[in-house]
Structures are given as C-alpha cells and as structure tokens.
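Report on the following structure.
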Amino acid sequence: MALSAAAAASLACALAFGSVEIPLADWLRALAGGGEATTREIVWGLRAPRALAAFAVGALLALAGALLQVLLRNPLADPYILGVSGGAAVGALGAMLFGLSGAAVHGAAFGGACLAAAALFGFSVRFTGWNIHRVLLAGVGIAAGAGAAVSLILTLAPAGQVHGMLFWLMGDLSGAERPLGGWITLVAALACSLVLAPSLDALVLGPLKARSLGVAVARTQAIAFLVATAATVAAVMLAGSVGFVGLVVPHLLRLAGFSAHRALLPLAVLAGGTLVVLADTLARSAAAPLEFPVGALTALVGVPMLLLLLARSR
Amino acid sequence: MTLAVQGVTLAVPGRTLVARLDFALAPGECCAILGRNGAGKSSLLLALAGLGRPAAGGVTLDGTPLARHPRRRLAQRLGILLQHDVEEFWGSVLEFVLLGRLPHGAALLGADPEGVAQARGAIEAVDLQAHALQPYRTLSGGERQRARIAQLLVQAPDYLLLDEPLSHLDLQHQLALMRLLAGLARSGRAVAMALHEPFWAARFCDVALLMYDSGVARHGAAHDVLTQDNLEALYRCRLEAVAGSGATLYFPDTR
C-alpha cells in the first residue's frame with residue numbers, strides 16, 4: 001500500500017517538476033485537461049510519456065534482477081549479467097558510429113540484444129538439461145565481449161558522437177517517448193512471474209530440494225530466464241543501461257522483510273519504477289536545462305537507502 | 001504399498017558404491033542406513049527420492065517406476081531431508097517451513113490458514129516455537145536443521161527419506177527427533193535415514209542397511225544386522241561395546 005502511494009506520488013512529481021517551472025494552479029488545471037495548451041502539452045505530451053517510460057524501465061529492471069538473483073543463486077546478479085544489454089549497447093553505439101539516429105539506433109539496439117540473447121541460450125542450453133553455471137559463464141563472456149566492442153567503438157568514434165554514446169551507456173530517458181512496448185512487456189512479464197512465484201520460492205532452496213517439492217525445475221528456470229531477458233531487452237530499448245536498480249531493489253525489499261516471491265516481485269515492480277521516476281525527475285530538473293544521465297542518479301538515490309537498511313538489518 | 005529398490009547399482013567415476021541392491025521400504029518401517037563416508041548412503045537416498053539416477057536398476061513406488069509418477073504427486077508421497085541445503089533464505093522460519101506445503105498446491109503464507117496451522121504444529125514438534133517469526137538466516141546450525149525437518153513434516157509424505165537427520169543436533173534434540181521419527185513409522189509412515197551412530201539405529205529402527213564401500217550391502221532386521229562383528233567390518237575399526245538403555249553402544253577402541 002505504502003509503495004503504491006509512493007509510486008503514485010513519484011509519478012505526480014515527475015509531472016510537476018522539470019526544466020520549465022509551472023505554477024501549482026496552472027499545473028492542476030493542465031492535469032485536469034484544462035488551462036493553457038502549452039502547459040497541457042508540457043505535462044501530458046512531454047512529461048507524462050517520459051514518466052511512464054521511467055517507471056516501466058525501473059519496474060522491468062527490478063523484476064529482471066529479482067528473477068535472475070533466484071535463478072543464478074547469486075546475490076550480485078543483475079539484469080546486465082547475461083550480456084543482453086551489452087549486445088544492445090554494441091548495436092546502438094555501432095549504429096551511432098555510422099551516423100544513424102532515432103529509430104535506426106533503436107532497431108540496431110534491439111537487434112544486438114536479440115543476437116546476444118540467442119548466443120546466450122545457444123551456448124548454454126543443452127538437450128541433456130539446463131545448467132546454471134553454463135548460462136552464467138556464457139552471459140559473463142558475452143558481456144565481456146560486448147564491453148570490449150563498446151570500448152573499440154568509443155575509441156573509433158568522432159569526439160562529437162562520444163557524448164551521446166556515453167549517455168546511452170549510462171542510461172538516458174530523453175529519447176523515451178513511446179513507453180507502450182515497455183508497459184506491455186512489463187504486464188506480461190509480471191503475470192508470468194507471479195504464476196512462477198511459488199516455484200521460485202522453492203528454487204531458493206536449491207534445484208534438488210525444489211524438485212523434491214514437486215517443482216518442474218528446468219521448465220521454471222527456462223521460463224524465468226526468458227521473462228528476465230525480455231524484461232531487460234524492453235528496459236534497455238527504452239533507456240539504455242540504467243544501472244543499480246535491478247541489482248539493489250530486490251535486496252532493499254528482502255532487507256525490509258519481503259522474501260516470498262508472490263509479494264517480492266510486484267513490490268520490486270513498484271519500488272523499481274518509483275526509484276527510476278524519482279531519479280529521472282531529479283536528472284532533468286536539478287540543473288535544468290542541463291540533464292544528467294538517469295543511470296547515475298538511480299545509484300545516488302538508492303545507495304543511501306541500501307546502506308541504511310543494511311545498517312538496521314540483523 | 002512399497003518403495004522398492006530393484007537391482008540398483010550406484011557408482012561414482014572409477015568406483016562402484018553398491019552393486020545390484022534389492023530391498024524394499026514398506027509403510028510402518030523405520031530403516032537405518034549405515035556406512036563409511038562415501039559409501040553411497042546419500043546417493044541411495046537420492047535414488048529413492050527420484051532425484052538421482054542409478055547406474056543400473058531402478059526404484060519403483062507401488063510397482064511403478066519413479067520416473068513415471070508425476071513430479072508433484074511424487075512429492076506428496078516421497079519427501080527428503082538433504083544433507084546440505086541452501087543457507088540464504090530471507091524469510092521467517094514459518095515461511096521456510098510453509099514451503100513444505102508446495103506439493104499440496106496450497107498458496108503460500110496468508111491465504112492458507114490450514115497450512116499455517118500445520119506449519120506451527122511442525123515447528124512446535126521440533127521445539128522451534130520461540131523462533132517461528134524470526135528470520136531463518138539468524139538461526140543456529142542445529143535450529144536450521146530442525147526447521148528443515150519441520151518443513152519435511154509439513155510436506156507430510158508417506159515415505160520420509162532423511163540424510164543424516166541428527167547432524168548439528170544436541171543430544172536432547174537427537175533423542176526427541178529419533179522418538180518423533182520412530183513414532184511416525186509406528187503410525188504408518190515409512191522412514192529411511194542415513195545415520196552415523198549405530199546406537200540410535202539399534203534403539204529406534206527395526207530395519208538396517210549396511211553399505212560397505214566395496215559394492216556390497218547387507219540388509220535385515222536391525223537386531224540381526226547391527227552386531228559388533230558387522231559394525232567392525234563396516235567401519236574398519238575395532239569397537240568397544242557398552243550396554244545402553246534398550247540397545248548396545250559401540251565406541252571405537254581407543255587403545
């Protein structure tokens with residue numbers, strides 16, 4: 001309940017603050033669909049799609065992180081560990097290097113993410129079964145390869161393009177105008193994850209124990225991996241690589257006492273979404289008209305929360 | 001109704017642990033499995049639970065091979081306490097124990113009052129009631145072992161397979177657990193457990209399986225099998241016998 005209220009409040013903040021200051025009365029009128037056309041356009045045409053995109057990005061990343069931490073049984077797992085975002089980065093930066101922009105960069109990022117995901121599953125899945133260590137190693141390998149390719153592209157790129165590339169790498173929501181795809185992926189991913197929730201609870205105890213409790217381990221792992229990959233790709237398509245959210249939001253919730261996935265997963269969606277909406281509002285209004293990359297601010301907002309909870313937890 | 005091992009050979013690379021083993025576990029039986037480290041006790045329990053594949057032979061439940069039973073139905077009939085478990089569980093002891101309800105299709109925590117009542121009963125049976133709402137990860141090793149046993153009790157399988165259930169437990173809780181398991185067998189469940197202390201086997205189990213790590217195993221009534229000669233051959237050391245309450249205690253001869 002508190003998190004739902006926080007999510008709503010963060011969205012309201014995102015609509016209220018930005019590079020243009022809007023008096024409260026005008027803002028309320030615009031919110032209700034009245035007032036000046038320019039104000040209405042700023043609130044509903046510019047800020048609302050971006051706030052919704054920010055929420056979807058945070059929610060998708062937190063959901064993917066929560067799933068991967070169970071699947072890989074590694075508290076340091078985050079959505080980028082599988083190299084999918086690395087593939088997307090190579091695609092996007094490669095397209096920028098060739099002077100492309102807008103939809104072409106998006107398409108190249110999507111192509112790169114899909115190639116990385118195909119390589120990941122191709123190298124790690126065997127007919128004889130599913131091996132977590134192979135997935136993890138293949139993912140780390142692909143991510144490292146993508147990192148090297150990104151470094152090469154950054155070295156080769158003309159100075160004028162590097163700034164845009166760095167923003168993409170650090171996570172940037174300025175180009176996220178159509179969040180619908182992200183939201184559709186989010187709803188589908190959350191629905192699938194909630195169906196899997198009891199099996200994920202058992203998987204925490206290890207694959208052998210989960211099997212002894214009647215869980216179809218290989219099938220659960222395969223579906224959860226696909227959901228986590230799709231969520232990561234959707235988030236990366238909206239905002240590039242926004243770090244920290246996928247790694248830390250699930251831990252924040254576990255430290256706050258939520259461990260059953262039936263509760264943890266929807267709460268991760270709310271908390272991740274709220275965190276990125278707040279970070280993005282700060283990113284575009286703190287030093288307006290200058291805009292910070294949202295990825296840098298997610299960590300600035302989240303790290304103190306994590307450290308505080310760590311200090312208070314037993 | 002039996003869990004039957006038919007011609008089972010268990011092997012690890014380069015070594016046969018047990019060859020062509022035949023035995024059956026019937027409801028009402030309490031069976032102790034004894035052997036040296038690495039003799040194949042855990043491998044046998046995993047095979048009995050349908051979690052490990054023998055090199056040869058097979059395990060059947062009521063005459064049907066385990067692989068042909070639906071996994072969830074099997075989990076309602078067979079439950080196992082593994083020797084090692086994951087330590088990183090973030091929820092409370094009650095939530096941990098409630099996971100045992102999973103094969104019965106019950107929702108977890110909150111919407112399952114019957115499950116919560118069962119879990120509280122199981123937690124009380126292993127003397128953890130004071131810790132029910134405490135985070136699982138804050139428990140001591142012995143308390144975790146009791147919580148894992150409570151989870152198995154909530155799973156309520158017909159066949160309880162336990163790999164070293166007494167590990168980490170103090171003497172009082174060892175006795176309480178052996179009484180609990182023997183009581184479950186008397187009430188019609190079947191219990192098979194890997195043990196390292198022949199006294200508990202002789203005092204509370206009616207059947208024993210000795211696994212020599214040479215591929216040979218000996219199976220029979222506990223009082224026939226658990227003799228000083230057999231145990232000295234099993235553990236490859238001389239033993240001293242001391243009369244205990246209801247069974248003989250064997251110590252390694254330290255002279």
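So you know, we letter chains A, B, ... as the sequences are listed, proteins then strands, and number each from 1. What you see below is based on every heavy atom in this structure, not just the backbone, and it leaves out hydrogens, waters and symmetry mates.
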Are there more than 12 heavy atoms of other residues, nucleotides or ligands under 6.0 Å from atom CZ of A/R219? no
Backbone of B/I80 reached by a side-chain donor or acceptor of A/K209 within 3.5 Å: yes
Sequence neighbours left out, cut at 3.5 Å: what donor-acceptor pairs do the side chains of residues 113-130 of chain B make with other protein atoms?
residue	atom	partner	partner atom	Å
B/Q118	OE1	B/R101	NH1	3.3
B/D127	OD2	B/H173	NE2	3.0

Considering only heavy atoms, which portion of B/L78 lies under 4.5 Å from any heavy atom of chain A: side chain, backbone, both, or neither? backbone
Option passing side chain to side chain contact (heavy atoms under 4.5 Å, CB included) with B/W90 (candidates A/L264, A/L255, A/V204): A/L255
Which atoms of B/Q76 are under 4.5 Å from chain A, going by heavy atoms: the side chain, the backbone, both sets, or neither? neither
To the nearest 0.5 Å, atom CG of A/L208 lies from atom CD of B/Q83 at 12.0 Å
Rounding to 0.5 Å, atoms CG (A/L213) and CD (B/Q151) come to a distance of 6.0 Å
Give, for atom CG of A/D201 and atom CG of B/L98, the distance between the pair rounded to the nearest 0.5 Å. 10.5 Å
Which bit of B/L74 comes within less than 4.5 Å of chain A, counting heavy atoms only: side chain, backbone, both or neither? neither
Nearest non-hydrogen partners of A/G214 and B/A75, listed with the distance: N-CB, 3.4 Å
Given 3.5 Å as the limit, does a donor-acceptor pair link the side chain of B/R71 with the main chain of A/R211, or not? yes
Judged by atom type as modelled, is there a donor-acceptor pair below 3.5 Å linking the side chain of B/Q155 to the main-chain atoms of A/S212? yes
